[in-house]
Number of protein chains: 2
Amino acid sequence: MAKEKKSQQNTILDIAEALKLSPATISRALNNHPYVREKTKTAVLDMAAQLNYRRNQMASGLRSNKTHTIGLIVPRISMFFHAEVITTIQNNLHKHGFNLIICQSNDSLTMETALTEILFSSRVDALIAACTLFTTDFGHFDKLIEDGKPVIFYDRAPMTDHGATIIKGDDFNGGYLSALHLIESGCKRIAHISGPLTSNLYQNRSAGFFKAMETNGIEVNRDWIFHQELTHDNALSAIAKLFQSGTVPDGICTDNDSSAIAVLQFTKEQGIKVPEDLKIVGYSNDPRTAIITPSITTIEQFPKLVGDTIVRVLIDLLRNKEEGISVVTPPIITPVQLIKRMST
Amino acid sequence: MAKEKKSQQNTILDIAEALKLSPATISRALNNHPYVREKTKTAVLDMAAQLNYRRNQMASGLRSNKTHTIGLIVPRISMFFHAEVITTIQNNLHKHGFNLIICQSNDSLTMETALTEILFSSRVDALIAACTLFTTDFGHFDKLIEDGKPVIFYDRAPMTDHGATIIKGDDFNGGYLSALHLIESGCKRIAHISGPLTSNLYQNRSAGFFKAMETNGIEVNRDWIFHQELTHDNALSAIAKLFQSGTVPDGICTDNDSSAIAVLQFTKEQGIKVPEDLKIVGYSNDPRTAIITPSITTIEQFPKLVGDTIVRVLIDLLRNKEEGISVVTPPIITPVQLIKRMST
DNA sequence: TTGTATGCGTTATCAA
DNA sequence: TTGATAACGCATACAA
């Protein structure tokens, strides 16, 4: 009878046995340890391949306290900006030998908290998070930070660093540029559909908007400023309200592209001419804005650059940690750019 | 001096010590084991909360050989269909107490193989995969299957089950419906832009297309059938070729929406009237098809249904495995539906 | 109902 | 350069 195997899986013990070596040597060979004879190493690698060996990540992680795995939490992977950032992060991390666990919070704080727990429980080496719009208390991330795991917030980040690194777009400038563009295009009555002020994103974009208005002496009509979840329906009701009254706007800054698209659809239904009667600016450069007629002017956020920056910073942080160096990385602001299209 | 702690993290030993209980009892309490006094259980849970304890997933997984983690590989998370499927899967799995590791292959077979290795190495309890268009050899999944881990292929799946479960859309019917719709709309000269025949998706969609043509006695012009990667640029060159010759098509079935959009853009540039001169059908019901002018007729694939089905089957498989039952799940075909819009 | 003892597969320390 | 041994944190068979 053949020898009974407890598990289907071959382990370093199986390799050791086959090669009449100790498990320690196998482990060293597999980890490219310097003190292994070249000949031994190749023999081990060959046998590993032959036995179809795969390292047990859990055993390795348990022992070494390193998982080579990074956790990522985003509100929604289907948002164009996030999808691009994630893809960039994953590709870059892969080159550095790290894996990425991607999680969606669905913009739910409860889910975000649960996911943070799970990722902590999985002992990820670091965490990258774009928070929900409603995350004002960042306490659920403290556990990781206290444990010395690098935490990077991007896009939707706390106002203070909390011991984490913050990488975000230049939202103030984005808000400023879009309002300025409308002003320079001759708009006098400018409305603004923005998101919940619980998020720094919209605080900053709105601040930029107001700055442009003020600098150029354009009066702000408080009834024309909306802070609400940036859904299609909310945008529709906002624009409907705007066009109910006697004076109607001749320009509108929306803080995401879905809202801009909703506004544009409203104008089509109502026979309002864009850009003649109303000029529209979106935010994010979602592919839909380029495809719709008329195409929509929007703010490019350079997701690939954001992703590259995140990984660069992360690798630095991990390397520093490895060497026992503790450096606080100051917040990084990534640039934005106005993309002019037919809606203005 | 206070006692030195090796690690930052509290373990069940810390809870045990604090409560003057054995680690075994703590473990049982934490796992809702029946043989624990109610009072003990609450005491343990309280202390766990107080000590900010989080289970070490790796230690737990190493011991129990279960990770409560499911791996997922998709070509691109940014594709609308996949983003929807993933979201549904993640939400459903979360309810069942499973976590999801999402990975992107970027439609690269090399990456897909590497990711499969990593997920195996992480000892996921099961794997869900939508393969690349170029995956014809599914050997890299064998390791998991041999190890008794359920593997579910969806969307892009092998022709034979290989011991895995297959869940896919009714591509034949999708191809059939779109061609039939063009025929019923009066098209006589129908072109077809499809994907690489290495993928079952396009084999089936094309077969459906041909079936509709044949059944209705419409002649197929072999020069008008394209099998190529379904990129924007490839679609542009295909449609350009179609409109070079004397006879031009009056209808076109494209096997994804990006191609349909490219075709539509070509017609706009060339002044070809849609739907009068050319009718266009896409595939997938990407949100862009609803937004573009004219909106594009396409095939709905019900991603939420697909996601629900995948999780239902997966939970069944895991439960059966738990109980030692070995059932082969036959392939499941999910329905598709034609969405009529302005492009036809 | 609780405690004791053992092992999951790997890595690290020490000794050879 | 390699081997023996212990330890990572947890879950479970067995004993009490």
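Chain letters run A, B, ... following the sequence lines, proteins first, then strands; residues in each count from 1.
Rounded to whole angstrom, the span from the CZ atom of B:Arg55 across to the C1' atom of D:dT12 amounts to 14 Å. Atom CD1 in B:Ile12 sits roughly 11 Å away from atom C1' in D:dT12 (whole-Å rounding). Straight-line distance from the CD atom of A:Gln57 to the C1' atom of C:dC8: 15 Å, rounded to whole Å. Between A:Arg54 atom CZ and C:dT10 atom P the separation is 12 Å, expressed in whole Å. Atom CD1 in B:Ile15 sits roughly 12 Å away from atom C1' in D:dG9 (whole-Å rounding). At whole-Å resolution of the value, CE in B:Met58 and C1' in D:dC8 are 9 Å apart. Between B:Ile26 atom CD1 and C:dT2 atom P the separation is 10 Å, expressed in whole Å. Atom CG in B:Leu21 sits roughly 16 Å away from atom C1' in D:dC10 (whole-Å rounding).
Residue contacts shown for A:Leu13 include a base, since a base heavy atom lies under 4.0 Å away. Backbone-only contact: B:Thr11 has heavy atoms under 4.0 Å from sugar-phosphate atoms and none from a base. Residue contacts for A:Ser60: at a heavy-atom cut-off of 4.0 Å it reaches the sugar-phosphate backbone alone, with no base atom in range.
Looking at B:Asn52 and B:Asn10, their side chains never bring a donor and an acceptor atom within 3.5 Å of each other. Side chain to side chain, B:Thr87 and A:Gln104 meet the donor-acceptor criterion of an N or O pair below 3.5 Å.
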#### Entry: side-chain hydrogen bond (donor to acceptor under 3.5 Å, both in side chains) between B:Ser22 and B:Thr25, worked out
CA-CA 5 Å; B:Ser22 77; B:Thr25 305; 3.1 Å; yes
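Taking a cutoff of 4.0 Å between a charged side-chain nitrogen and a carboxylate oxygen, B:Glu117 and A:Arg55 do not qualify as a salt bridge.
Here A:Ser27 reaches the OP1 or OP2 of C:dT11: one of its side-chain N or O atoms lies under 4.0 Å away. For B:Ser64, no side-chain nitrogen or oxygen approaches OP1 or OP2 of D:dA11 to under 4.0 Å. Not one side-chain nitrogen or oxygen of A:Thr25 sits closer than 4.0 Å to the OP1 or OP2 atom of D:dT2.
Residue side chain A:Arg63 reaches the base of C:dT11 through a donor-acceptor N/O pair under 3.5 Å, judged by distance alone.
For residues 28-43 of chain B, proximity to DNA chain D is found at B:Arg28, B:Asn31, defined as any non-hydrogen atom under 4.0 angstrom from a strand atom.
Closest to the B:Leu62 side chain, of the nucleotides C:dT10, C:dG9, C:dA5, is C:dG9. Taking only side-chain atoms of B:Ala24, from C-beta outward, the nucleotide of C:dA5, D:dC10, D:dA4 with the closest atom is C:dA5.
Residues A:Glu112 and A:Ile73 approach most closely at O-CD1, 4.1 Å, considering heavy atoms.
Of the residues B:Ile152, B:Thr165, B:Val151, the one that meets the side-chain contact (heavy atoms from CB on, under 4.5 Å) test with B:Leu314 is B:Ile152. Applying the side-chain contact (heavy atoms from CB on, under 4.5 Å) test between A:Ile70 and each of A:Leu127, A:Asp125, A:Ile310 identifies A:Asp125 as the sole match.
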